[in-house]
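Okay, structure first, notes after.
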Amino acid sequence: MPGCFRSCAGNRSPPLCGGWVVVARRRCGVDCQRILIGGRLLIYVVPAALAGDPVALAPRLLAAGVAERDREGFNRFRLVLLGRVEPDAALALRRVCRGRVGADARAHLHLIGG
C-alpha cells in the first residue's frame, strides 16, 4: 500500500521548513488533536485508547481529514493513532486506509507506539 500506510520510521514526506503550527481540538466521533503545520500539512492525532474500535472509527476520520484538506486547500493529511493497536486491527486499518484513500499519495495513516 505505498502512499497510504507508513510507520513512523518509514515516513518519506518532505520536511516542512519555516512553517507555523496551529493546534486545536476537533470532534469526529472522538476528540482528537488537529495540528496544522505551515498551512500545508493537516494532522489528526487520536490516542488509540480513546478510539475504542479504531477500525470502525478510521473511515470517518480519514474522510473528514481528506475533506478538510481539500476544502481548505492544504497539501497533505495524516491520521495518527497513538498507542498500542493489536496486529489484527493494524492489518484491518491498512485495508480501511486503502479502501478510503486509495491511491491518494497525499493522505496517510500512521500507527505510533505500542
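The distance from the CG atom of L57 to the CG atom of L81 is 8.0 Å, given to the nearest 0.5 Å. Interatomic distance, L42 CG to D70 CG, rounded to the nearest 0.5 Å: 10.5 Å. Residue F74 holds its CZ atom at 12.0 Å from CZ of R40, rounded to the nearest 0.5 Å. Here F77 contributes atom CZ and L62 contributes atom CG; the two are 6.0 Å apart, rounded to the nearest 0.5 Å. Atom CG of L41 and atom CZ of R69 lie 11.0 Å apart (nearest 0.5 Å). Annotation: the span from D104 atom CG to R76 atom CZ amounts to 9.5 Å, rounded to 0.5 Å.
Minimum interatomic distance between V46 and C32 (heavy atoms only, all atoms of both residues): CG2-CB, 3.4 Å. The two residues P54 and L93 have their closest heavy-atom pair at O-CD2, 3.5 Å. The two residues L109 and C97 come nearest to each other via the heavy atoms CB-SG, 4.0 Å. Nearest heavy atom pair, residue V55 against residue A89, reads CG2-O, 3.8 Å. Of all the heavy atoms in V85 and A90, the pair that sits closest is CG1-N, 3.8 Å.
I112 and I37 fall within the same hydrophobic cluster, defined by Ile, Leu, Val, Met, Phe, Trp and Tyr side-chain heavy atoms under 4.5 Å apart, directly or through other members.
When the options E68, R78, R34 are evaluated for a side-chain hydrogen bond (donor to acceptor under 3.5 Å, both in side chains) with Y44, the one that passes is E68.
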